[in-house]
2 protein chains.
Amino acid sequence: MPKRSLRPTMRDVARLAGVSPMTVSRVQAGSALVAPETRDRINAAIAALGYVEDKVAASLSSRRTGFIATIVPTLTNSTFADTAHGLTEALRRSGYQLLIGYTRYRMSDEESLIRTMLERRPEAIVLAGMSHTEAAGTMLRGAGIPVVEIWDCGEADPIGYAVGFSNIESGRAAARHLIALGHRRIGAIGPTIGDDAHDFRGEARLTGFTEVLREAGLSTDRIVQRGDVPLSFAGGAAAMAHLLDTAGPLDAVFAISDLAAFGALMECQRRGIAVPGSLSVLGFGDFEIGDQCVPALSTIGIDAEDIGRRVGELLLRLLPGDAGDHGPTPTAVTDVGFKIVERGSTAPRPVST
Amino acid sequence: MPKRSLRPTMRDVARLAGVSPMTVSRVQAGSALVAPETRDRINAAIAALGYVEDKVAASLSSRRTGFIATIVPTLTNSTFADTAHGLTEALRRSGYQLLIGYTRYRMSDEESLIRTMLERRPEAIVLAGMSHTEAAGTMLRGAGIPVVEIWDCGEADPIGYAVGFSNIESGRAAARHLIALGHRRIGAIGPTIGDDAHDFRGEARLTGFTEVLREAGLSTDRIVQRGDVPLSFAGGAAAMAHLLDTAGPLDAVFAISDLAAFGALMECQRRGIAVPGSLSVLGFGDFEIGDQCVPALSTIGIDAEDIGRRVGELLLRLLPGDAGDHGPTPTAVTDVGFKIVERGSTAPRPVST
DNA sequence: TTGTAAGCGTTATCAC
DNA sequence: GTGATAACGCTTACAA
């Protein structure tokens, strides 16, 4: 029997207002079935005591925590932060609370995070990617709540729902675009494939890219995978340096992330290599930096915030809400697509050369 | 009386293992006071049923939620994401869970977020800045849990603890640095001061900067505050364009964030203005991008991740932990300081001119 | 080493 | 409109 709480409880409020706890509970829940005077008296008591509802107890009793578990690879990358932002905004007025965790791109972290989050009894779980450990898959399937996999779709069946795009297809599109510009000696930059740490989506993009190069009869020798997951500025610059030092003449380079592409761009700048004059650089993700740098970065555009927003709308329809009718049953897969954003870092291959 | 849960409870595990729920609870808590065989039997039952502990109930009963509430202005900015990361890492093995919320730099959002988070009964609350609404201050003081204000310190007394640095002093240091390089016609870039949306820390930096300019007898007319909070790439570029268009000759510019400084740098590049040849640019924050761009950005360095780490260590000492001795009582204020990082975007004023 | 009893602060349910 | 009662699934405190 723990020592009595320092904070006022609903009982304290009820006592002060001269009603039963149940009536206070009704006021908290915004029920209209309370007499206006009673409500005022209760609100006065709440203010007087500085009462703050205990949602832990409320959650246990009502069996609704209002938590949405969200698991992403990293927070440090604006992409997933944007998605979390979109999700938060979509959920803003609904009273749901995001429970955010990140995996550092490690499957083992993801697995333990899923368990930890499930212990908090979220009403839904949102996580990046379609690849999980076996134990993770079992937990997700047995969780009894909506599961939404994001940032990828099209290749495999989702556990529950999926909101994303085809990473493989986006990689293929990148390759086709560079080929269409007349480039032939094409390179690509991706991260090292680790044991536990994986950027599955970046790898899928590289896979699609490689496929198209091969189909076009072009060499895939200029595809480098080096640097820690996730590849950032410095990793992109280092990979570019490696390409430049060892791969011979080069027409164009695709990086699996704008961060790496920007690093590559800066490496070119440092070496006095004209972009796009003598080398085209194509990024991925449409990060804000690509729009601002000089030259502006051509990229494959993904609307990260929109992914979050759509997940929020999906959840609002899936979860029992006070809004009543939630429309038709949602489809399992939402493909938000991608688009090629042509800016200043890509150009047709010069006629001479 | 809600419908019986679909998930197995501790009772189910206990029944299957032929023990009382209390013994299962002990196993979950990692108590050594359980016979090895009993433990094995219970773990087998847990695995067989796919039992996942209900921390909602555990929290209510034990009065320990394991939540640390964390409120930052934005997640989209790598700075606060880094701090959250540092905090998470410091807390990783302790079993505490971050409850992250962001205010969009709005005091009203902060206030409602504090209330929402307090309802979840966190064991500590961490939030950016020392400025809060009156109601927020009241809630924080009455919360009965450790309060840690971060990213600023030195000017006011913290509610509980503070981990940060003096933003005013950092602005002063920025001005002194540019003056010491010989610059006289000095500008600065900050965001618009909104009604509800405030970047108090950025404003404080600008205040310190302005003070020193004034003390040195230099004009403060080149200090522009425009663009939405928080100032990012595009805002910095626009402010730089404005300065260049209207402020006449300019020796150097300080931006209250590296993001804005990078935008300013790119604007110069677009206009063919040599940096640092004819204009020095100084940023703030030591974001990764400043280290990678060309020219590399001189900046005021703050170790964002370290702030989070220190908060985590502070909390570990403050909170009742299984570790027993937590060392001496922590001091109220931890100043992590800042340092001037000289890179390629600043240079002494050319002798001629 | 294990079990019993009571209760954490709220809400569902049903009676008044 | 309002209240009494019984949970929600777990842990504290103490007994055995």
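Below, chains carry the letters A, B, ... as their sequence lines are ordered, and counting in each starts from 1.
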Just by modelled atom types, is the B:G86 backbone N or O under 3.5 Å from a matching donor or acceptor in the B:R309 side chain?
-> no

Counting just side-chain N and O atoms, does B:S61 come under 4.0 Å of either OP1 or OP2 of C:dG7?
-> no

Side chains of A:H132 and A:E111: donor-acceptor distance under 3.5 Å anywhere?
-> no

How close or far is atom C1' of C:dG9 from atom CD1 of A:I46, stated in whole angstroms?
-> 14 Å

Atom-pair distance (CD on B:E53; C1' on D:dG9), nearest Å = 10 Å

Short side-chain N/O contact to D:dG9 OP1/OP2 from A:R63, under 4.0 Å = yes

Hey, can you pull the residues of residues 20-27 of chain A with a non-hydrogen atom under 4.0 angstrom from DNA chain D?
-> A:S20, A:M22, A:T23, A:R26

Base, sugar-phosphate alone, or nothing: which one does B:Q28 contact when heavy atoms must sit under 4.0 Å apart?
-> nothing

Using atom types as modelled and distance alone, determine if a side-chain donor or acceptor of B:E305 lies under 3.5 Å from a backbone N or O of B:H85.
-> no

Expressed in angstrom and rounded to an integer, what is the separation of B:D40 atom CG from C:dT1 atom C1'?
-> 15 Å

Atom CZ of A:R7 and atom C1' of C:dT10 are separated, to the nearest Å, by 15 Å

Neighbour count >12 (heavy atoms, 6.0 Å) for atom CZ, B:R115 = no

